[in-house]
Asks: 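Take this structure first; my questions come after.
What you see is a predicted model; the values in this text were computed from it and never measured. These numbers come from the heavy atoms of this one structure, side chains and all, not from hydrogens, waters or symmetry mates.
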Amino acid sequence: MQSKTISKESPNILLLDSSISDNEFKNINNNFEKIITFDFESDRNLISKKISHEISDSIIDISELKLIDSACLNFCQWYEKNNGNEILSHENINLGSLFRVEFYNFLIPLIKNFLILKKLKTQYPDSTFYCSNELYKISKELDIKSIALNDKSIDTELTWDNIQFNLTRSVSLKISKKNYNKIKNISKIVSNLVIKKNYNKNLQNNFGFIEFDSIKYEEIFQESNNFNEMFLLYNRHRPVFYNRNSLKIIKNSKILPFIPSKNILKISKEMIEKLHKNILENFHQFLNNDEFFSSFFQLNNIKFWPFLKSTLIKIFESKILDSLYEIEYAKIFLEKNNLKAIVILSECGFTEQIIIKLAKKFSIKIILLQHGIIIDNTSSYNYNKIITGTLPIESDYFFSWGKISSEYIKKLDSTNADVKLIGSSNLDRIFSKKIKKIKKPKNILLLTTGPRNQQSVGHHVHIWNEYEQIIKTIYSSVSKHNFNLIIKRHPDIAENDFSPEFYSQFSDIEIFKNGDLSDLLVNSEFVISLGISSGILEAQILQKPVISINAEYDIFGSTKYIPNSCTHIQIEEFDKLFSKIVTNSSSSNDLIQKGTNSLNNNISNIGNSSHVLFDCLIEL
């Protein structure tokens with residue numbers, strides 16, 4: 001890039017994001033009134049270079065972040081408008097709905113930048129803004145005096161365009177969907193070679209498990225051996241297996257991966273191409289109503305449609321062909337196997353949405369299996385329904401962990417699902433390790449769930465920095481008592497990584513993102529949880545004393561279970577409480593007893609839920 005000569009006629013402000021490379025930054029003549037960063041990478045980069053700057057998030061408050069989240073929940077359901085459920089559907093599946101979660105995630109930082117740039121325009125009406133091409137595009141829509149520093153266009157990348165393989169606790173691999181499909185084909189070949197396929201389609205009770213991880217749900221896979229029915233695993237987004245252990249679990253179970261023969265999978269290319277053409281024609285006709293969509297995609301008198309239209313077209317066009325094939329594959333799976341019921345973990349996943357609609361068509365019962373702590377308050381309803389898929393809106397049954405989640409679901413007017421108390425199969429797996437003894441008695445395990453990218457707080461630099469500061473405070477208290485701190489981050493990919501400064505300062509701390517939590521729990525004396533984590537229950541199963549620290553960035557608050565099952569405090573209270581617990585065995589025992597009582601009162605069938613799950617399936 002050529003060196004930019006900056007005008008001196010008006011105050012110049014540099015708007016910096018991660019798309020501006022170091023070389024491009026060096027070539028910019030430094031004649032700016034101020035530099036404002038727009039993301040984590042640019043902020044951290046300037047900190048490392050000790051360059052004074054401001055953070056764009058400083059001019060947006062928490063109420064505006066909540067407003068952005070609410071607007072994006074509405075925007076991501078664009079496909080329902082103007083008779084979209086008919087125009088954009090195939091097999092009663094609205095194709096726009098299949099990527100609503102991804103589109104929601106894409107919208108959040110975009111809408112935030114629109115609001116910030118509009119504020120900057122008001123605050124600095126006489127300034128010229130020098131910025132990346134992406135910020136320049138937004139500036140043009142807002143009629144802001146701006147100059148692009150590069151012509152770099154960033155490809156629109158959605159959440160599920162990449163698949164994450166968790167190889168070990170600390171090593172994961174992200175690959176493109178295209179490359180994942182190649183690996184998936186290889187895994188099919190391996191599966192055919194090492195896994196017995198004793199399909200008996202004539203049985204009356206055949207069941208499908210959709211997008212299940214064999215390691216996390218190991219107890220379910222093992223328990224399947226005690227029943228005579230046929231169980232099939234249908235994983236299209238999640239790999240059937242991804243390491244030796246996951247393959248071993250599947251091989252030693254009666255849950256058989258659905259690997260159809262080549263003859264079955266001969267889907268008519270001509271039919272798909274015809275469907276594809278018709279859907280695209282309907283889609284472009286659907287979007288022709290600019291007046292409506294200009295009004296629909298609007299917040300704080302900012303109209304996003306002129307900017308969004310071309311992006312939405314590109315996203316939809318890139319997704320449709322694959323979606324049509326996946327619908328046909330799912331039809332084959334459901335039609336050929338005489339299924340009585342299917343078990344899903346969410347109603348909002350790509351594969352799950354397809355399976356749900358087709359299961360209804362074929363009169364197959366749908367069971368939503370609770371797989372984590374549900375944020376059980378009224379303010380989280382739309383988020384749970386539209387993004388996480390944890391509510392049984394479409395399902396016939398909800399298989400609940402226990403009392404609290406059951407009561408919450410039963411109070412919802414939007415569901416008629418039959419609620420059954422099953423328990424948690426993952427807790428069964430932890431329960432089996434209860435007798436193991438601590439190998440390293442000076443370990444403190446910190447379970448951290450940071451600000452998520454599925455909410456605006458996850459894109460807010462100051463909020464993330466406060467999160468890191470809380471962890472530093474915890475480390476300081478733990479170190480005073482000569483304990484080793486181990487950090488287990490939430491495995492969700494929708495969470496940023498710690499800053500280089502954090503890693504440098506705490507190089508002695510073991511930090512894990514992926515892998516099995518249970519061994520870390522077994523080898524710890526105490527467990528601290530920052531943010532909402534189902535790991536709290538796993539720790540309590542192993543009779544570990546648990547302290548929960550309130551996270552202000554949990555915009556929906558805590559859950560009903562957590563404050564009633566352990567000590568739930570503000571970070572300012574931690575040092576004093578921790579000192580008391582580690583020096584007073586009765587205080588520690590009280591926490592253990594509180595956790596045990598809460599589990600016994602609120603979680604059903606501890607140690608036996610996987611067996612109860614299969615019993616309930618067969619009785620349907």
Asks: Pair L447, L530 - check side chain to side chain contact (heavy atoms under 4.5 Å, CB included), show working.
Replies: CA-CA 6 Å; L447 308 174; L530 174 58; over 6 Å; no
Asks: Which heavy atom of I279 sits nearest a heavy atom of S89, and at what distance?
Replies: CD1-O, 3.9 Å
Asks: Which pair of heavy atoms, one from C348 and one from I386, lies closest together, and at what distance?
Replies: SG-O, 3.3 Å
Asks: In the structure I gave you, are the side-chain heavy atoms of I541 and T596 within less than 4.5 Å of one another anywhere?
Replies: no
Asks: With rounding to the nearest 0.5 Å, note down the distance linking CZ in F75 to OG in S70.
Replies: 9.0 Å
Asks: Can you confirm whether K274 is buried at NZ, in the sense that more than 12 heavy atoms of other residues, nucleotides or ligands lie under 6.0 Å from that atom?
Replies: no
Asks: Do R429 and N426 pair up side chain to side chain, a donor and an acceptor below 3.5 Å, judged on atom types alone?
Replies: yes
Asks: Can you find a side-chain donor-acceptor pair between Y561 and S405 that sits under 3.5 Å?
Replies: no
Asks: Is there side-chain contact between Q454 and I387, with heavy atoms separated by less than 4.5 Å?
Replies: yes
Asks: Sequence neighbours excluded, which residues qualify as salt bridge (Lys or Arg N to Asp or Glu O under 4.0 Å) partners of K357?
Replies: E394
Asks: Could you tell me if the side chain of V101 sits less than 4.5 Å from the side chain of C76, heavy atoms only?
Replies: no
Asks: Side chains of Q540 and S565: is there a donor and an acceptor less than 3.5 Å apart?
Replies: yes
Asks: Is any side-chain heavy atom of L620 less than 4.5 Å from a side-chain heavy atom of Y397?
Replies: yes
Asks: Using 30° and 60° as the class boundaries, would you call the ring planes of Y234 and F333 parallel, tilted or perpendicular?
Replies: parallel
Asks: For N85 and N94: C-alpha separation, side-chain torsions, deciding distance, then whether side chain to side chain donor-acceptor pair (under 3.5 Å) applies.
Replies: CA-CA 6 Å; N85 283 327; N94 190 317; 3.0 Å; yes
Asks: Between S518 and L542, which heavy-atom pair has the shortest distance, and what is it?
Replies: O-CD1, 4.3 Å
Asks: Would you say the side chains of D428 and N608 form a donor-acceptor pair under 3.5 Å?
Replies: no
Asks: Give me the ring orientation class for W78 and F283: parallel if the planes are under 30° apart, tilted from 30 to 60°, perpendicular past 60°.
Replies: perpendicular
Asks: Please lay out, stage by stage, how N496 and N453 fare under the test side chain to side chain donor-acceptor pair (under 3.5 Å).
Replies: CA-CA 7 Å; N496 287 294; N453 288 351; 3.1 Å; yes
Asks: State the CG-CG distance between L613 and L369, to the nearest 0.5 angstrom.
Replies: 6.0 Å
Asks: Taking I250's backbone N and O only, do any of them form a donor-acceptor pair with S214's side chain (distance below 3.5 Å, no angle check)?
Replies: no
Asks: Under the ring pair (Phe, Tyr, Trp, His ring centres under 6.0 Å) rule, collect the residues that match up with H90, sequence neighbours excluded.
Replies: none
Asks: Could you check whether atom CG of N416 has more than 12 heavy atoms from other residues, nucleotides or ligands sitting under 6.0 Å from it?
Replies: no
Asks: Is the shortest heavy-atom distance from the side chain of K385 to the side chain of S414 under 4.5 Å?
Replies: no
Asks: Between the main-chain N or O of F526 and the side-chain N or O of S524, is there a donor-acceptor pair closer than 3.5 Å?
Replies: no
Asks: Regarding Q353 and S97, do their side chains bring together a donor and an acceptor under 3.5 Å, going by distance alone?
Replies: yes
Asks: Please determine if K319 and E102 form a salt bridge, counting it only when a charged side-chain N lies under 4.0 Å from a carboxylate O.
Replies: yes
Asks: Counting the benzene-type ring for Trp, do F209 and F212 have ring centres under 6.0 Å apart?
Replies: yes
Asks: Looking at K248, I want to see if its NZ is surrounded by more than 12 non-hydrogen atoms of other residues, nucleotides or ligands under 6.0 Å.
Replies: no
Asks: Look only at the side chain of T449 and the backbone of I532, and say whether a donor-acceptor pair between them is shorter than 3.5 Å.
Replies: yes
Asks: What's the separation between atom CG in N382 and atom OG1 in T388, rounded to the nearest 0.5 Å?
Replies: 11.0 Å
Asks: CD1 of I536 to CD1 of I528: how many Å apart, nearest 0.5 Å?
Replies: 11.5 Å
Asks: Might you work through the side chain to side chain contact (heavy atoms under 4.5 Å, CB included) test for K420 and F398, ending with a clear yes or no?
Replies: CA-CA 6 Å; K420 293 186 179 294; F398 181 70; over 6 Å; no
Asks: Ignoring hydrogens, what is the shortest heavy-atom contact between G531 and S529? Give both atom names and the distance.
Replies: O-OG, 3.0 Å
Asks: Does E219 form a side chain to side chain contact (heavy atoms under 4.5 Å, CB included) with F431? I'd like the steps, not just the answer.
Replies: CA-CA 11 Å; E219 292 295 317; F431 186 79; over 6 Å; no
Asks: I'd like to know if the side chain of D396 and the backbone of I366 have a donor-acceptor N/O pair within less than 3.5 Å.
Replies: yes
Asks: If I take atom CG from residue D213 and atom CD1 from residue I220, how far apart are they, to the nearest 0.5 angstrom?
Replies: 11.0 Å
Asks: Provide the closest heavy-atom pair for F362 versus E335 in the form atom of the first, atom of the second, distance.
Replies: CZ-CG, 3.4 Å
Asks: Sub-3.5 Å donor-acceptor pair from the side chain of N337 to the main-chain atoms of L334, do we have one?
Replies: no
Asks: Report yes if some heavy atom in the side chain of L591 is under 4.5 Å from a heavy atom in the side chain of V546; otherwise report no.
Replies: no
Asks: Less than 3.5 Å apart, any donor N or O on the side chain of S424 or Q370 sitting next to an acceptor on the other?
Replies: no
Asks: Taking the six-membered ring for Trp, are the ring centroids of F614 and F231 within less than 6.0 Å of each other?
Replies: yes
Asks: Measuring centre to centre across the rings, with the benzene-like ring taken for any Trp, is H611 within less than 6.0 Å of F227?
Replies: yes
Asks: Do S610 and S425 meet the criterion of a side-chain donor-acceptor pair at a distance under 3.5 Å?
Replies: no
Asks: Quick one: does any side-chain atom of D376 pair with a main-chain N or O of Y408 as donor and acceptor, under 3.5 Å?
Replies: no
Asks: Any heavy-atom pair between the side chains of K340 and N206 that's under 4.5 Å?
Replies: no
Asks: Identify whether the distance between the nearest side-chain nitrogen and carboxylate oxygen of K331 and E328 falls below 4.0 Å.
Replies: yes
Asks: Heavy atoms, side chains only, cut-off 4.5 Å: are I373 and I562 in contact?
Replies: yes
Asks: Without swapping roles, check the side chain of K488 against the backbone of T448 for a donor-acceptor pair under 3.5 Å.
Replies: no
Asks: State which residues pass side chain to side chain contact (heavy atoms under 4.5 Å, CB included) with E352; sequence neighbours excluded, sorted by chain then number.
Replies: I210, E211, I344
Asks: Is there a donor-acceptor pair closer than 3.5 Å between any side-chain N or O of K513 and the backbone N or O of H490?
Replies: yes
Asks: So which atom in N377 and which in S558 form the shortest heavy-atom distance, rounded to 0.1 Å?
Replies: ND2-O, 3.9 Å
Asks: When you measure from the side chain of D554 to the backbone N and O of F556, does any donor-acceptor pair fall under 3.5 Å?
Replies: no
Asks: Rounded to the nearest 0.5 Å, what separation is found between the OG1 atom of T378 and the CG atom of N384?
Replies: 11.0 Å
Asks: Tell me if a side-chain donor or acceptor on S224 pairs with a main-chain N or O of F221 at a distance below 3.5 Å.
Replies: yes
Asks: Could you go through Y325 and K269, starting from their C-alpha distance and side-chain angles, then the distance that decides it, and tell me whether this counts as side chain to side chain contact (heavy atoms under 4.5 Å, CB included)?
Replies: CA-CA 9 Å; Y325 273 107; K269 185 177 179 181; 3.9 Å; yes
